[in-house]
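What follows is one structure encoded as structure tokens, with my remarks underneath.
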Amino acid sequence: MEKPVGVIGAGSFGSTIASLISENKSVLIYSRNQFEIDNINQGKEHKGITFAKNVTATGDLKYLAESCNLIFPVIPAGAFRKVIKQIAPYITPLHIIIHATKGLDIVEADIEDLGNKTFDKDIIRTMSQVITEECSTLRVGCISGPNLSKEINLSYPTAAVIASEFQEVIDQGQIALSSSRFFVFGSHQLLTAELAGAFKNIIAIGSGIIGGKHLGKNMQALLITRGLREIIHIGIALGAEGKAFLGTAGLGDLIATATSETSRNYNFGRRLAEGDTIEQIRASEDEVAEGVRTLKIVKYILTKYNLHAPICELIYEIVFKDLNIDKAISHLMRYPNAPDVDFL
Ligand SMILES: NC(=O)C1=CN([C@@H]2O[C@H](COP(=O)(O)OP(=O)(O)OC[C@H]3O[C@@H](n4cnc5c(N)ncnc54)[C@H](O)[C@@H]3O)[C@@H](O)[C@H]2O)C=CC1
Ligand SMILES: O=C(CO)COP(=O)(O)O
């Protein structure tokens with residue numbers, strides 16, 4: 001009998017991915033929450049989705065690794081390495097792992113230390129690097145693109161990119177996920193896809209700030225365009241390929257997230273602009289806005305690599321240092337020496 005496809009994480013996007021795959025293959029989804037497992041196995045609605053009968057849930061990562069060859073981890077970046085370490089003893093070179101996480105990992109450091117110290121070694125990792133560091137498989141990839149889960153759950157059509165150095169990873173991902181409502185492109189630019197997916201959340205926070213301040217579409221377009229320029233600039237410094245940021249997993253995802261009122265990152269920025277504090281927002285949201293954590297990591301990268309990215313820097317100051325939003329915008333509007341797109 002054909003093995004099911006594994007999904008680790010039954011949050012918003014893990015559930016969406018499981019439901020997409022269930023159109024093609026049976027799915028075994030992992031949750032750490034017994035209530036969620038029971039709900040899914042009893043056919044009850046979970047995260048706005050009523051799963052098909054070929055979706056079952058488990059709380060046992062060993063069982064998932066032994067049952068599935070193709071596994072999609074969909075866990076927030078802050079918990080990603082911990083969860084991968086738990087499943088790592090059961091992963092063999094035969095496994096293919098395609099993650100959907102849009103964030104970054106840091107090694108040998110606490111996220112809170114990033115603002116205070118500089119570390120000698122390179123401490124930033126993408127999720128595919130975490131997987132290959134912790135597990136014995138090399139066949140890794142990521143899925144990224146304009147994939148707001150709430151839209152996919154309403155069966156609105158969209159597309160994503162499976163990026164991997166290995167064609168067989170792309171092929172397996174496409175077979176599992178492709179449908180008439182979900183087109184899957186392939187790409188060999190894994191690093192770019194991962195960095196683009198993580199960085200665009202910062203610009204989505206900025207776009208939410210513009211939205212919350214009612215500064216109009218001109219300003220939002222400007223923020224997205226100039227933000228993309230900064231994303232590419234930082235990505236190239238980290239070894240990514242600049243032009244690939246203009247694809248579905250780059251520009252496509254940036255537009256979707258930075259213009260969507262269903263985006264957690266956009267809403268985080270909107271609420272900040274409307275006067276809520278970071279603590280108030282966090283206390284009232286049970287889903288993760290990855291861009292807040294990524295912002296700290298990007299601020300560290302800017303310092304470490306001596307890069308200038310004024311939009312990211314000002315969003316950092318607004319979020320973590322209470323910089324007045326009007327002052328930040330006024331500063332940006334007077335920023336000296338600003339070429340347009342002649343850097344690509
Ligand atoms: N929701 C969306 O529209 C999309 C989300 N993503 C990315 O997918 C990742 C996950 O996002 P969501 O599913 O939306 O987040 P979520 O907050 O809805 O769910 C996260 C899930 O991870 C689980 N989890 C967290 N820490 C864990 C741990 N230590 N052990 C076991 N399970 C743990 C939680 O129980 C929860 O089920 C993020 O990186 C996000 O950027 C990517 C594309 C679209
Ligand atoms: O990555 C996403 C859409 O592609 C989801 O964005 P949010 O995490 O901001 O909701």
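Just so you know, residue 1 is the first one in the sequence shown, and it goes up from there. Atoms within a ligand are numbered from 1 in the order they appear, just like the ligands themselves.
Remark: Glu112 engages Lys296 in a salt bridge, criterion side-chain N to carboxylate O under 4.0 Å. With respect to the salt-bridge test (charged N to carboxylate O, under 4.0 angstrom), the residues Arg271 and Glu285 qualify. By the 4.0 Å N-to-carboxylate-O rule, Glu133 lies close enough to Arg81 to be salt-bridged with it.
Residue contacts with ligand 2: Gly145 is placed with a nitrogen or oxygen under 3.5 Å of a nitrogen or oxygen of the ligand (distance criterion only). On a distance-only criterion, Lys102 and ligand 1 share at least one N/O pair closer than 3.5 Å. Polar contact check, Ser149 against ligand 1: a nitrogen or oxygen pair lies under 3.5 Å apart. Here's the thing with Asn201: none of its N/O atoms is less than 3.5 angstrom from an N/O atom of ligand 2. Of the N or O atoms in Tyr266, none lie within a sub-3.5 Å distance of an N or O in ligand 2.
Residue-ligand proximity, Asp253 to ligand 2, at heavy-atom distances under 4.0 Å covers atoms 3 (C), 4 (O). Remark: ligand 2 atoms within the under-4.0 Å shell around heavy atoms of Asn147 are 3 (C), 4 (O).
Remark: distances from the non-hydrogen atoms of Ala10 to ligand 1 include one below 4.0 Å.
For the 3.5 Å distance criterion, the side chains of Ser128 and Glu194 qualify, holding a donor opposite an acceptor. Side chains of Thr257 and Lys200: a donor-acceptor N/O pair is present below 3.5 angstrom, by distance only.
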Exercise answer: donor-acceptor pairs, residues 317-331 side-chain atoms, under 3.5 Å, sequence neighbours excluded:
unit_1: Asn324; atom_1: OD1; unit_2: Asp326; atom_2: N; d: 2.9
unit_1: Asn324; atom_1: OD1; unit_2: Lys327; atom_2: N; d: 3.0

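Residue Phe268 forms a side-chain contact (heavy atoms from CB on, under 4.5 Å) with just one option from Val292, Ile209, Asp276, Asn201, and that option is Val292.
Of the listed options Glu290, Glu287, Arg264, Arg264 places a heavy atom closest to atom 1 (N) of ligand 1. In the candidate list Ala160, Ser260, Pro76, Pro76 is nearest to atom 22 (O) of ligand 1, counting heavy atoms.
Residue contacts with ligand 1 for Leu148 involve N, CA, C or O but no side-chain atom from C-beta outward (heavy atoms, distance under 4.0 Å). With a 4.0 Å cut-off on non-hydrogen atoms, Lys200 touches ligand 2 through its side chain and not its backbone. Here Lys102 has side-chain heavy atoms under 4.0 Å from ligand 2, and that is the only part of it that gets that close.
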